[in-house]
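In what follows, every heavy atom counts, from backbone to side chain, and hydrogens, waters and symmetry copies are set aside. Predicted model only: the values in this text are computed from it and were never measured. Letters A, B, ... are given to chains in the order of the sequence lines, protein chains preceding strands, and every chain is numbered from 1.
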2 protein chains.
Amino acid sequence: MTQQLRMTKQRAAVAGALDATDEFRSAQQLHELLRDRGDAVGLATVYRTLQSLAAGGEVDVLRTEDGEALYRRCVRDEHHHHLVCRSCGTAVEIDGPTVESWAARVAAAQGFSDIEHTVELWGTCAACRAAREG
Amino acid sequence: MTQQLRMTKQRAAVAGALDATDEFRSAQQLHELLRDRGDAVGLATVYRTLQSLAAGGEVDVLRTEDGEALYRRCVRDEHHHHLVCRSCGTAVEIDGPTVESWAARVAAAQGFSDIEHTVELWGTCAACRAAREG
DNA sequence: ACGAGTCATGAGAACGATTCTCAGGCTTGG
DNA sequence: CCAAGCCTGAGAATCGTTCTCATGACTCGT
């Protein structure tokens, strides 16, 4: 069912870069990171890989306030949300308080179907705050 | 304090277009809509106007799954969330169940500050569903 | 190991949304 | 009515992301 994906060194490199951090990273950041690391991978490939990983639920994706996509390999498989640092991307996986049932209920009441929800918290982590305030 | 904004016919047109609908609309959609209506306004101006309206809290903004910005003039002034139709943009304003306090609590527990949250529900409205299923 | 058939890669072009530039137009305070 | 300055609009410029296509790398059957 799951289409066969060849394991190439590029895919391994991207996956490795993701595994190496807890922070949400953009495709371009990962691209640079891999280049600096010596495992240069084409930008297009980074995008493609992230896309397939996301499609397979292997990585979580979210959008910055200005629309940029950020990726992160999460520990949990089950659905969850995040508390993300706006400046460094550090993220903590959190539970949404009964968001699911609430979402379903509200949606049904309005006649909507195929419901999905987005719940993310953005903030400044302690480290970044300290760095900023000096 | 709030810098003086001149009331020009373009600004009025954009605001008017927003007032005329309940649906979330992209800058480009509004631009076309105004052109068709006869109140042609430059695309750049539409973007600028939406930007200032959003900054002033006069309109709500949210991002499509693929990063496009959608705008809507909401009825409520207080903070609220939305149940939005993926295909037509129709939206219903809804209350988030104690999201605020939950967000603050979780954030504090993790040492984060300057918290903001994003809570949106996406679905297919009854009309669009009917149209799709025939 | 050899070759065919495929999927993957990468450089650069193409895209779509949004922002910037700048010369000329409109508003507003006085 | 005038001056000073915000506004506007067309087009160029950005930026993130996707597409194109020639070339490279896997896999499998033999």
Exercise for the section: Determine the minimum heavy-atom distance between B:Arg11 and B:Met7, stating which atoms define it. Expected result: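 Heavy-atom minimum between the residues: CB-SD, 4.2 Å.
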
Just the rounded figure in Å: distance from [atom2] of [N] to [atom1] of [X].
{"X": "B:Arg11", "N": "C:dT28", "atom1": "CZ", "atom2": "P", "value": "10 Å"}
{"X": "B:His31", "N": "C:dG16", "atom1": "NE2", "atom2": "C1'", "value": "15 Å"}
{"X": "A:Lys9", "N": "D:dC26", "atom1": "NZ", "atom2": "C1'", "value": "12 Å"}
{"X": "A:Glu68", "N": "C:dT19", "atom1": "CD", "atom2": "P", "value": "14 Å"}
{"X": "B:Asp39", "N": "D:dT8", "atom1": "CG", "atom2": "C1'", "value": "15 Å"}
{"X": "B:Gln51", "N": "C:dA17", "atom1": "CD", "atom2": "P", "value": "17 Å"}
{"X": "A:Leu62", "N": "D:dG16", "atom1": "CG", "atom2": "P", "value": "16 Å"}
{"X": "A:Arg63", "N": "C:dT18", "atom1": "CZ", "atom2": "P", "value": "11 Å"}

Salt-bridge test for [X] and [Y]: reply yes if a basic N is under 4.0 Å from a carboxylate O, no otherwise.
{"X": "A:Asp60", "Y": "A:Arg76", "answer": "no"}
{"X": "B:Glu58", "Y": "B:Arg73", "answer": "yes"}
{"X": "A:Arg72", "Y": "A:Glu93", "answer": "yes"}

Problem - Helix axis bend for the helix from C:dA1-D:dT30 to C:dG30-D:dC1 - C1'-based end axes, five pairs, 10° rounding - result: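 End axes: 40° apart.
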
Exercise for the section: Using a cut-off of strictly less than 4.0 Å, decide whether B:Thr8 has a side-chain nitrogen or oxygen near OP1 or OP2 of C:dT27. Expected result: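 Checking B:Thr8 against C:dT27: no side-chain N or O falls below 4.0 Å of OP1 or OP2.
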
Handout entry: Transitive ILVMFWY side-chain link B:Leu53 to B:Phe24, under 4.5 Å
Key =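 No, because B:Leu53 and B:Phe24 fall into different hydrophobic clusters, even though each may have its own neighbours under 4.5 Å.
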
Exercise for the section: Just say parallel, tilted or perpendicular for the rings of B:His81 and B:His117, cut-offs at 30° and 60°. Expected result: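 If you compare the ring of B:His81 with that of B:His117, the planes turn out tilted.
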
Exercise for the section: Look at the side chain of A:Arg6 against the base of D:dT27 and say whether a donor-acceptor pair falls under 3.5 Å; ignore hydrogens and angles. Expected result: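 No pair found.
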
Practice task
Classify the side chain of B:Arg48 and the base of D:dG9 as holding, or not holding, a donor-acceptor pair under 3.5 Å.
Solution key: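 Answer is yes: a donor-acceptor pair is held.
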
Between [options], which nucleotide gets closest to the side-chain atoms of [X]?
{"X": "A:Ala27", "options": "D:dT17, C:dC20, C:dT18", "result": "D:dT17"}
{"X": "A:Tyr47", "options": "C:dA8, D:dT18, D:dT8", "result": "D:dT18"}
{"X": "A:Gln10", "options": "D:dC7, C:dT9, D:dG16", "result": "C:dT9"}
{"X": "A:Leu43", "options": "C:dT19, D:dT17, C:dA8", "result": "D:dT17"}

Problem - Residues in side chain to side chain donor-acceptor pair (under 3.5 Å) contact with B:His31, at least two apart in sequence or another chain - result: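 Counting only residues at least two positions away or on another chain, B:His31 forms no side chain to side chain donor-acceptor pair (under 3.5 Å).
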
Exercise for the section: Report which part of the nucleic acid A:Gln28 touches: base, sugar-phosphate, or nothing (heavy-atom distance under 4.0 Å, all strands). Expected result: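 Base contact.
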
Handout entry: 5′-ward residue of the pair B:Leu70/A:Ala40 relative to DNA chain C
Key =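 Comparing both residues, the 5'-ward one is A:Ala40.
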
